[in-house]
Amino acid sequence: MSNPVHQICDIIRRERSFLILTHYRPDGDAVGSQLALVLMLKKIGKRVAAWNDDAVPTKFHFLPGASLIRKPPAKPQKFDVVISIDSSNWQRVGTAAEKIASRKHLINIDHHVSNDRFGDINWIVPSSPASGQIAFDLIRRGGFPLTRDIATCLFAAISTDTGSFSYANTTAECLHVAAQLVGTGLNVGKISHHVYESYPYARLHLLRLVLADLKLADRKRIAYYWITKEMFEESRAKREDTEGVIDYARSIDGVVVAILFEELNEPGKIRISLRSKNAKVDANAIARVFGGGGHREAAGARIPGRPSEVERRVLRAVRAEIRSEEHTSELQSHSDLV
Ligand code: 5GP
Ligand code: MN
């Protein structure tokens with residue numbers, strides 16, 4: 001398929017009013033990519049709105065333009081162009097979808113392998129470590145402005161989706177993009193301070209409660225824990241404070257898959273986060289069993305059901321995925337011998 005970047009650049013130059021969307025419960029890549037597009041479009045004189053059902057997490061309030069992200073309005077509005085970035089399907093943009101009275105173009109920019117291509121124009125790059133890197137590509141290839149403020153948003157986006165430039169998705173290209181962003185004069189130390197060293201005490205309190213109930217299964221290859229409603233109440237942590245909580249389960253030596261179960265406010269609904277440490281064990285495939293998605297290394301889903309039943313079903317699916325990987329490895333090592 002032809003690369004849609006030229007078409008997207010033409011539309012950006014030609015049209016006047018834009019709505020920029022991303023997924024609910026936004027992470028650093030979502031907020032950073034969304035804001036980078038907002039700031040760039042404003043800089044070239046466009047009318048721009050940006051919506052999300054959920055507030056920008058506190059640690060990203062320092063990002064330039066963060067206050068421009070609003071809740072969707074009560075009354076539907078008209079736009080020439082709607083751009084969704086970092087959302088793998090249209091449901092994940094939330095109620096914003098119902099507040100678009102009309103639009104000429106729906107552009108879908110994303111790096112999730114599970115993206116279902118809901119746009120009129122789809123620019124999906126699963127090999128890209130962050131949607132922020134695709135936004136950078138768009139800005140460069142369109143000859144659009146890259147100010148220090150825009151670069152700050154993109155750096156935060158790429159930094160958070162690469163685990164501060166530590167995961168396997170941190171390619172030479174990614175570091176090259178980061179170097180160009182830093183070259184605009186942005187302050188790396190300030191970004192890291194806000195994103196990685198400004199957690200509210202309540203998050204640490206929550207973490208203590210969560211880690212106290214860490215469980216291991218499948219010969220210690222699966223590590224998992226729950227965040228219950230009671231834990232939120234006791235710690236006074238917010239939903240946004242759960243970001244990164246799964247990393248502690250993943251960090252254990254010998255663990256292949258880490259799972260975080262979170263009881264949502266919606267009764268009878270559980271959110272799961274999955275992390276895989278083995279390139280052959282596909283977290284996205286496991287999430288898909290439950291109607292979710294993501295990447296091979298990191299994926300998630302929302303599952304209706306009672307906690308104990310959801311836990312049982314998810315553990316079964318994770319074990320099955322680990323087994324199928326073992327099967328493939330055995331077959332491969334066998335064929336290596338013959
Ligand atoms: P996290 O575990 O950090 O919430 O998400 C990990 C990855 O899985 C992210 O790329 C995120 O977009 C994706 N993801 C998380 N939850 C869902 C879900 O319910 N549906 C889909 N399609 N993707 C999800
Ligand atoms: Mn992302």
Side-chain angles (χ1 to χ4, degrees), residues 21-37 52-54 57 60 84-94 108-118 123-137 153-164 167 169-170 174 177 195 210 223-227 239-250 257-262 264 266 269-277 282-305 310 314 317-318:
L21 301 176
T22 186
H23 57 84
Y24 53 66
R25 295 269 298 244
D27 55 14
D29 190 28
V31 175
S33 303
Q34 185 182 27
L35 285 177
L37 293 183
N52 202 308
D53 286 329
D54 297 310
F60 298 118
S84 165
I85 188 153
D86 202 49
S87 186
S88 56
N89 61 56
W90 189 235
Q91 288 71 45
R92 280 176 66 75
V93 306
N108 168 16
I109 301 176
D110 187 27
H111 71 135
H112 291 98
V113 65
S114 60
N115 190 290
D116 68 7
R117 312 186 75 85
F118 58 83
W123 188 16
I124 314 303
V125 191
S127 61
S128 189
S131 293
Q133 189 171 311
I134 313 175
F136 174 86
D137 220 23
C153 296
L154 292 177
F155 189 90
I158 299 171
S159 172
T160 49
D161 257 25
T162 57
S164 197
Y167 300 152
N169 60 6
T170 309
C174 170
V177 168
V195 178
V210 170
Y224 66 100
Y225 33 60
W226 276 83
I227 308 185
R239 295 280 161 177
E240 68 186 53
D241 295 324
T242 61
E243 203 193 333
V245 166
I246 194 172
D247 295 348
Y248 298 89
R250 178 180 48 193
V257 174
I259 316 165
L260 173 73
F261 296 90
E262 178 189 333
L264 295 175
E266 265 172 278
K269 209 138 194 209
I270 315 288
R271 182 178 91 102
I272 59 159
S273 276
L274 296 160
R275 299 291 183 268
S276 164
K277 293 173 79 177
D282 187 351
N284 178 47
I286 303 167
R288 288 202 145 201
V289 172
F290 302 99
H295 313 279
R296 281 187 78 85
E297 308 77 22
R302 283 163 183 249
I303 311 173
V310 169
V314 171
V318 171

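First listed ligand is number 1; within each ligand, the first listed atom is number 1. Keep in mind that what you see is a predicted model, and the values were worked out from it rather than measured.
Among protein heavy atoms, atom 7 (C) of ligand 1 sits closest to Ala298 O, 3.5 Å. Nearest protein neighbour of atom 4 (O) of ligand 1, counting heavy atoms only, is Arg271 NH1, 3.0 Å. Summary of contacts: the protein heavy atom closest to atom 6 (C) of ligand 1 is Arg275 NH1, 3.6 Å. Of the protein's non-hydrogen atoms, the one nearest atom 8 (O) of ligand 1 is Ala299 CA, 3.2 Å. Looking at atom 15 (C) of ligand 1, its nearest protein heavy atom turns out to be Gly300 CA, 3.5 Å.
A cation-pi contact links Arg92 to Tyr24, judged by a cut-off of 6.0 Å to the six-membered ring centre and 45° from its axis.
Side-chain contact check for Phe60 versus Thr160: some heavy-atom pair is nearer than 4.5 Å. In this structure the side chain of His23 never reaches within 4.5 angstrom of the side chain of Asn89, judged on heavy atoms. Using a 4.5 Å heavy-atom cutoff, the side chains of Leu21 and Trp90 are in contact. The shortest side-chain heavy-atom distance between Val31 and Pro57 falls under the 4.5 Å cut-off. Between Ile85 and Ile134 the shortest side-chain heavy-atom distance does not fall below 4.5 Å.
Among the backbone and side-chain atoms of Asp86, an N, O or S atom lies under 2.8 Å from the Mn ion (ligand 2). None of the N, O or S atoms belonging to Asp110 lies under 2.8 Å away from the Mn ion (ligand 2).
To the nearest 0.5 Å, the span separating OG1 on Thr242 from CD1 on Ile227 amounts to 5.5 Å. With rounding to the nearest 0.5 angstrom, the CG atom of Asn115 is 3.5 Å from the CD1 atom of Ile124.
Put simply, the residue from Arg288, Arg296, Arg275 that forms a salt bridge (charged side-chain N to carboxylate O under 4.0 Å, His left out) with Asp282 is Arg296.
Within the 4.0 Å heavy-atom shell around ligand 1 one does not find Arg25.
Shown in contact with Asn89 at under 4.0 Å from a heavy atom are these atoms of ligand 1, numbered in order with element: 22 (N). Counting atoms of ligand 1 from 1 in the listed order, those under 4.0 Å from a heavy atom of Arg302 are 19 (O). Taking a cut-off of under 4.0 Å to the non-hydrogen atoms of His112, the atoms of ligand 1 that pass are 9 (C), 10 (O), 11 (C), 12 (O). Applying the 4.0 Å criterion to heavy atoms of His295 picks out, from ligand 1, the atoms 10 (O).
When the N, O or S atoms of Asp29 are ranked by distance to the Mn ion (ligand 2), OD2 comes first.
Asp161 and His111 share a donor-acceptor pair across their side chains, judged by distance under 3.5 Å alone.
Atom 14 (N) of ligand 1 has its nearest heavy-atom neighbour, among Ser273, Gly293, Gly292, Ala301, in Gly293.
Here the angle centred on the Mn ion (ligand 2), running from NE2 of His111 over to OD2 of Asp161, is 90°, rounded to 10°.
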